[in-house]
Amino acid sequence: FMEIKIIKTLVDKEELKEIAKSYAWDAVKAVVDVEQEIMAIGGEFHADEEALLMEKEGSRRESTWGINLYPEESGENFIEFDSMVNLKPAFGNRSRNVEDALLQKKIREIVVKLVRP
């Protein structure tokens, strides 16, 4: 398995494909910190990525959101907002999805900044 990486600058879509392949999935799990505009990738579980961001980068629970990236896809299909770490009733998110449309937009913008097509 790959080690979790914290991404602050560009990551290549080819690298995402390699990570997906290493897990025999078609997706890469990622956790985005919307406050610091960074993300963690390469973990088997979103929770591990979130924990690493909190530990190494001081990320706060209300700022971290789990997504899946599909490196073979593009546009709307590239990002899926689905993760157990998104269950945050205390912060108004009651499902595995990121329910707030503005928050989804912010996550998309950060991912576009960090992932080279």
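Residues in residues 107-117 take part in these salt bridge (Lys or Arg N to Asp or Glu O under 4.0 Å) pairs, two or more places apart or across chains: D12-R116, E37-K113, E76-R108, K105-E109.
Rounded to the nearest 0.5 angstrom, D100 CG and I107 CD1 are separated by 9.0 Å. Distance check, rounded to the nearest 0.5 Å: CG of L69 to CG of L114 gives 10.0 Å. Residue E14 holds its CD atom at 11.5 Å from CD1 of I19, rounded to the nearest 0.5 Å. To the nearest 0.5 Å, atoms CD1 (I41) and CD1 (I67) are separated by 10.0 Å. Taking CG from L103 and OG from S63, the interatomic distance works out to 9.0 Å, rounded to the nearest 0.5 Å. Atom OG of S59 sits about 8.0 Å away from atom CD of E35, to the nearest 0.5 Å.
Inspection of the E99 and S95 side chains reveals an N or O donor paired with an N or O acceptor under 3.5 Å.
Residues that satisfy the salt bridge (Lys or Arg N to Asp or Glu O under 4.0 Å) test with D26, not counting sequence neighbours, are absent from this structure. Looking at residues two or more places apart in sequence or on another chain, you find a salt bridge (Lys or Arg N to Asp or Glu O under 4.0 Å) between K8 and E57. The salt bridge (Lys or Arg N to Asp or Glu O under 4.0 Å) check on E55 picks up nothing, with sequence neighbours excluded. Take E62 and apply the salt bridge (Lys or Arg N to Asp or Glu O under 4.0 Å) test, not counting sequence neighbours, and it matches R60.
The minimum heavy-atom distance linking I4 with G43 is given by the pair CG1-CA, 3.5 Å. A pairwise comparison of heavy atoms in P89 and R94 identifies CB-NH1, 3.5 Å as the closest pair. Across every non-hydrogen atom of K17 and P71, the tightest pair is CG-CB, 3.5 Å.
In this structure, K29 is positioned above the aromatic face of W25, its NZ or CZ under 6.0 Å from the six-membered ring centre and within 45° of the axis.
With contacts defined as side-chain heavy-atom distances shorter than 4.5 Å, the pair V115/M39 qualifies.
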Show me the side-chain donor-acceptor pairs of residues 80-88 shorter than 3.5 Å, one per line, residues at least two apart or across chains.
residue : atom : partner : partner atom : Å
E80     : OE1  : N68     : ND2          : 2.9
E80     : OE1  : Y70     : OH           : 2.9
D82     : OD1  : R96     : NE           : 2.7
D82     : OD1  : R96     : NH2          : 3.2
D82     : OD2  : R96     : NH2          : 3.3
S83     : OG   : H46     : ND1          : 3.0
S83     : OG   : V85     : N            : 3.1
N86     : OD1  : G66     : N            : 2.8
N86     : ND2  : G66     : O            : 2.9
N86     : ND2  : R96     : O            : 3.0
K88     : NZ   : R61     : O            : 2.4
K88     : NZ   : T64     : O            : 2.2

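Under the 4.5 Å side-chain contact rule for hydrophobic residues, Y23 and I7 share a cluster. Criterion: ILVMFWY side-chain heavy atoms under 4.5 Å apart, direct or through other members. Under it, V31 and I38 are part of a common hydrophobic cluster.
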Chi angles and distances behind the side-chain contact (heavy atoms from CB on, under 4.5 Å) call for W65, D33: CA-CA 7 Å; W65 298 92; D33 178 332; over 6 Å; no
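Of the possible donor and acceptor atoms, none in the side chain of E3 sits under 3.5 Å from a partner among the backbone N and O of G42.
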